[in-house]
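Every chain is numbered from 1 and lettered A, B, ... according to where its sequence line falls, protein lines coming before strand lines. Treat the numbers as computed from the prediction; the structure is a model and nothing was measured.
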Amino acid sequence: MVATSHDVMPDIELYQPTDEANALALARELGTNGWLLSGGQDTYGWLKDRAKRPGAMIELTRIDAWKGIRETADGIEIGAVTTLTEIAENPLLLSRYGLLAEAAGKVASPQIRNVGTLGGNLCQDTRCWYYRRGLDCYRAGGNLCYADSPEALNREHALFGASRCVAVSPSDTAPALVALDATMVISSASGQRTVDAEDFFIGPAQDILHMTVLRPGEILTAVRIPAAWANAEYYFEKVADRNVWDFALVNIAAAMKVSGGAIEEARMVCGAVECVPRRLRSVESAVRGMPRSEQTAEQVAALATEGARPLNYNHFKVPLMQNLVKRAVRG
Amino acid sequence: MAYMHIGKDFVPQDAPGKVTGRIKYAEDYARDGMVYARLLSSPIPHARVLDIDASEAMAMDGVFGILTADDVYPDGEPDGTGLKVLTNEPTLIGEPILAVAAVDEKTAEDALERISVTFERLPFVLDPLDSLQEGGPDAYTGGNTYIFRQGFAQVKWTADQVAGFRSGTEPSAEAQQDVSFGDLGQAFSESAFVYESPFSTAGYPHMSMEPRSAFAYWENGKCFLHGSSQSMTPVAEGMAAIVGCPVEDFVFINEATGGGFGQKARPNSIPSMAIPAKFSQKINRPVMMRISREEETFIGGARQGFQGWIKVGFRQDGTMAALDMYIVSDNGGKGGGGDAYSAADAIVVLYQPSAMRFRGTAVGTNTGHRGAQRGPGQNQIAAIIAPLIDKAAEELGIDRLEIRKINAHETGDGNARQAPATSAYMPEALEQASALFNLPERLGRSRARSGSKITGIGIGQGYHDAGRSGMDGIVRLMPDGRLQIHSGVGNLGTYSYAATSRAAAEVLKMPWERCDVIHGRSDRHLPMTSPQDGSNSIFTNTRTNFGAAMDLLDKMKEIAAMDLGGSVEDYDIADERVYQTADDSVGMTFAQVAQRGIELGGKYSGQAEVPEGISDFTRLSVERLAGSALMGIYNDPRHEGNVPGLTVSMIEIELDTETGKYEILDMCSIADCGTVVHPQGLANQLRGGAVWGIGLAGYERHLYDPQNGLPASTGYWQSKIPTLLDVPDNMGTGWVDLPDPENPVGARGIGEPAMGSVSAALVSAISDALDGHFFGAAPITADMIINHLAGTSENAKALAQNNFRG
Amino acid sequence: MDGEIVRYKRDVWGEEVILGVSWDLLWVVATAILILLAAHAIIMAVLANRKMDKPSSEGRRVNRHHVVDRAFHWIMAVSVLVLIITGTAPILGWRIAWLNIHWIAGLVLTFVVIFHIIRAFFWQDFKSMLLGPRDFGEPFDSAKKPGKYSFEQKGMHWAMTVVVLAVIVTGVVLFLQIDTPFWDRTNSMPEDQLGLMFLLHGLSTLALIALTVTHIYFALRPEKLFYTRSMITGWISEDEMAANHDTSKWSPKEAE
Amino acid sequence: MNPKLTRRRFIKGVIASGVAASSASLWYAATGQSRPSGAVERMVRLDVNGQMRPVDVAPQETLASTLRYKLGLTGTKLGCNRGECGACTVLVDDVPTYGCSVLTHSVKDQRIETVEGMESANGQLHPVQQAFIDELGPQCGYCTPGQVMSAVGLLRSNPNPTRDQARQALAGNLCRCGSYDSYINGVMRAAQIG
């Protein structure tokens, strides 16, 4: 067999469960041989390339329980298969959690947002081009990284948390949800568990094959955002080469509670600089009690990139990250 | 001059089909018993196929066969570079090795997975300078370069010469190509401002929306090939040769082409279209071959990348005294094109230096095949020279518009080979752009800061030689009085096949709705013409259609004089009648004239000897049309001089120093392309060129991993094709609209320069916003701007512009 | 992947190369070794009916292990266990940041092993560990008694030596392929050779696991427990010595 | 490229590249496990351009391939087959969707509209189509069907869009010829006549 270029969907089974129990049972039964299909925007490429070969797809979008945006006692709950377009346009989100709505509106292109779901955007695989080419690198179960070597083309890769693999988190909504201190609801045939958004994503040191804590048989079914961060002051920005159909070179999501001109509490997160959305804890604590001003911005920006380990081509992400932090703090 | 059609908009006959989806592109056809082919392409940058084992695949249900290079070239593959139909010695990843045909695409790809190919790996190279280095690997087995009419050659430099070139000092190595005029030393000594710098520009793929899919079948000895080409008759003739089918038995069908920007213009850039033809001949079934986007990236052609060194000198009065330029160009895996010389030629045309020296060496690399792409050479260099012109203006204290006017190209001015311009109105174009764009006021805002944003104003100029001659024309006046204009022009989206036909309607004062443009299938008996590249069509084919219509007009008058008395001079035409100027009641309708022409036969209906110099292809068409109508047949004589297509673009941007991103607030483009034939089409070319220019200056790329030669950009996303939100809204357009004496309707071409001037203007604006910083590169990506502003450490590399690693 | 010993992958150009050992073997080895030891335990239990008096640990004591050697043994033991645990964690699906711990433990092991080799050559009674042809009769002749080390102990030692050296050598090669505080990876190793290293490292790891389990098992056997004690305290009783060793071949000093 | 490194990589000379056991990712390799029941039925009835069309659809089949190769609706183009160009844009319950990146089975219960369905019964062009002709939106025309569908989708949800809303709505449709401006002019014109 030759590693030639493929472009056609190979034979693969499809299940379209309409109720939760059925879907979870299928997920358990199929295990790693099953592929969770939501909007499919990070599915068909893998399959057409024949780079990943699941035996069956389980479509999650027919389960109403996992759709929609509901108010709850302490905040809101968003079904994981709610489309990004719905999230970007939802009045409730726009009024209280504009950060997430804005982030969702920045994803890819209109047509992709029309079918792409929140769950899909959170669970999507990394865009490292070596990995996407179907190479058997660490992340694909291999034994080396093609992107972290003396001559590799790694402009889009990680500044932090690299462990053999230097791929980064591709999601725009993930940093927003970490900034909003969201909780992920994970269901499986054996029950339900919840995980903080921050802990939902895992780096290569913990598990080089997966980007989330999801185990075979588990499904991300909902995301809960606490009221605590409703109507905070938000800042989101995505810097990419193109304004459509592109992944962030760096993106930032910040939520700040400001009173009396001073920042009481802040959560700041950068995407595309590490395998997981990176919390800027040192910045968060440094801005506490300070005003949202140019001076504060200048003082704290450098903290954001402490410990950065640039690769061949991504040094620019260091000043870019600092600048984005400045913009977030400055407001 | 008041025209009936020239300079007026019209609805091209294929436009409705395009908005309804009814018009068919190659892959939209189907036929009973049609099978689907998929390609097995090389996973290795440079290799030799030792063995192919397809037994497992052949045993599968629904698999009809495979086609290999041995089937296509029983007597061995043609020597030399250039894409082959299929090959056993791939020199780039993605080069087609064999095709499998099956009942559907899925089965064909399942079969591909069961085919094993044994390769011998050969050394590969990605950076031309690595290949120039003594002992460095060569991209081709025969050497690292291919010299036209001489074959493979090996060019090697000393380690010092390579190191020197990388470090940007004046190159000392002997060049493949060395063209010069004037006294360079003298000219530099006269210069008040001399600037010298290395530079690099990216090569990147064409990425036409329609991949070069093709469909073919044979029917009682005739081969029918549905393809996707920019051109029609020249490709029909050439593809027949590649397929190995006599031209008279070969039918090339290409009603519409989903975009072509240089690499769908000529048969040798689309040999893959012969695969279904050869395949269907072998398995005796209609074969559809869809080319995937990734495959299109590999074999669809790419612009040549440059690494160069430029030295320019300007006199105190702002005139360009001297240009000295050295370019090593990346010729890719299949041998490249003449971009480098064209780059030097463009600077000469646009700025008229008194002395010039160009040295160039083209080196092969095991990367995507290179070839002509919209403004090959002219448009890369436009983005490099523009900020240098601005530098000179700043140093010499001359207004940025003024310095361009001082050096502007005008009628009679020469190109690098001293061929005089048939006509050129660059000063007018600059003035017009300045007025439309309100340049003086905008220049007042130049480098103004607001927060993290800086305003940058850019001026750019574009050039491409845009006209050929010597082609053929056929028009027919039908018995029902309709005018049929046979066009050998391809339908690549410029509507030039129709716009150029209007020259014939103009001559005969025919209402457009009474005219039919016959095109899109080679068996519609079309005249031979030049390929639709080099922005030549509007010039070349208005000449042929005008000429053919004049021939028809003479014949009409002869017939009228013959039947109604008097001499030819006594007759004129109007309202589809030939009439006596003395008494317009005496005359005959076009329909009557046509019928008489058929009765008379001979030269009137194409049954006599055709004009001297007409091509065999056209002759065949005429023979097949003979006797069907009153015919106008024409072979266009050669024209004198260089036909320039010129553009000026102006851009205002707001560059964000914190993100390295900029917004194009406003822009405009003005064309100097002689008389405007089709305003909407021209506006489309100016806007389309702008989008391309923004891509070249901003982010389009074609990356290869230096370690293993893997292509890092194989689709739209990774190649960074500009999207709607990357380009400004409401681009301003305009034209000088002064006629060219060498064209009967005064027209010159424009497609290519429309891009160069915009890439130049954008780079000029970016450089303006950054206090005149000269990146010496295109594209200028966000990371380069951030690194520059942050003064990021030396080891901070911007993503490779091309395969050169500086 | 079913039942194969070697796992393969495609190299960067799509050609098949070795990826490493198939970790299915981990279960094979684990099961096999447990069955063997269980069998041994049962047999011993049966034989145990024929009462043979256990030598007393009271009375005069003689030196068996110098404090330095005991320290070495336990450092080595800990590092090996840490290496096995961290090495198998990702295979067993434990999501821990194992790599750094793994190579640090690997370095410790490497250094103490080097130390031990040097010491064994120059400061220890090297002969006492040599495995000669005569030793092989030992298990079958109850009259024959060993010198300082029994046939089993020598066998275990030399098997361990081979396996540990194998994991160390392959481990060091792999260590060079990752980024560390000391260097950045060079990516200069051809993929097929890299795969071979992973394979050897994996195979020797499997052997190491088997030996380690066996070693621990015997160390905990009641009739051998005094050896384990001696590896902690350093001494055995003269009774124990007399019962298990030939004093003409081994006459240790009395422990004060 | 580092010559030393590549030389080392090429010392091998002749090597076979055949007979690979598994595809790129062992971790997803389909093992011959037993399949649960309840997988999709192949025969479906699709509501395409207002007609119910019975068609045999493989589980993994994309809508674009069903439309093009099973129903002969070739107006829907494949520019990239990867959701990166928009030439295959169709309307699913009025929502612009990439036909190449949605499974036919996923939309089998929904209303599917393609460019072929935009003309009225009497053959009159849709205002968007007419406006695109008037503004000469199409150049090569390959992206045009997708542009038409995105524009129609916009005007159904927002009959009087601002120019910026139109740009946002058509942002998911690539045009290599660069006719973006002409298409937006067309949308604005269509909004007036429509």
- Query: Can you name the nearest heavy-atom pair linking A:L37 to D:L103, along with the distance?
  - Reply: CD2-CD1, 3.6 Å
[atom1]-[atom2] distance between [X] and [Y], expressed to the nearest 0.5 angstrom:
X: D:N81; Y: A:K48; atom1: CG; atom2: NZ; value: 3.5 Å
X: D:Q60; Y: A:T43; atom1: CD; atom2: OG1; value: 13.5 Å
X: D:E61; Y: A:L14; atom1: CD; atom2: CG; value: 12.0 Å

Please look at [X] and chain D and tell me whether the side chain, the backbone, both or neither of the residue comes under 4.5 angstrom of a heavy atom of that chain.
X: A:R113; answer: neither
X: A:D11; answer: both
X: A:L26; answer: side chain
X: A:P10; answer: backbone
X: A:N243; answer: neither
X: A:L47; answer: neither

Hey, does [Y] have a side-chain heavy atom less than 4.5 Å from the side chain of [X]?
X: A:E59; Y: D:S106; answer: yes
X: A:V115; Y: D:Y98; answer: no
X: D:S150; Y: A:Q111; answer: yes

- Query: For residues A:Q16 and D:K108, is any side-chain donor paired with an opposing acceptor at under 3.5 Å?
  - Reply: yes
- Message: Is a donor from one side chain sitting under 3.5 angstrom from an acceptor on the other, for A:S109 and D:E84?
- Response: no
- Query: Using non-hydrogen atoms only, which part of D:C88 is less than 4.5 Å away from chain A: side chain, backbone, both, or neither?
  - Reply: neither
- Check each atom of D:V102 against the heavy atoms of chain A and say whether the ones under 4.5 Å are side chain, backbone, both or neither. backbone
- Task: Enumerate by number any residue of residues 136-146 of chain D whose heavy atoms lie under 4.5 Å from heavy atoms of chain A; in the absence of such residues, state 'none'.
- Result: none
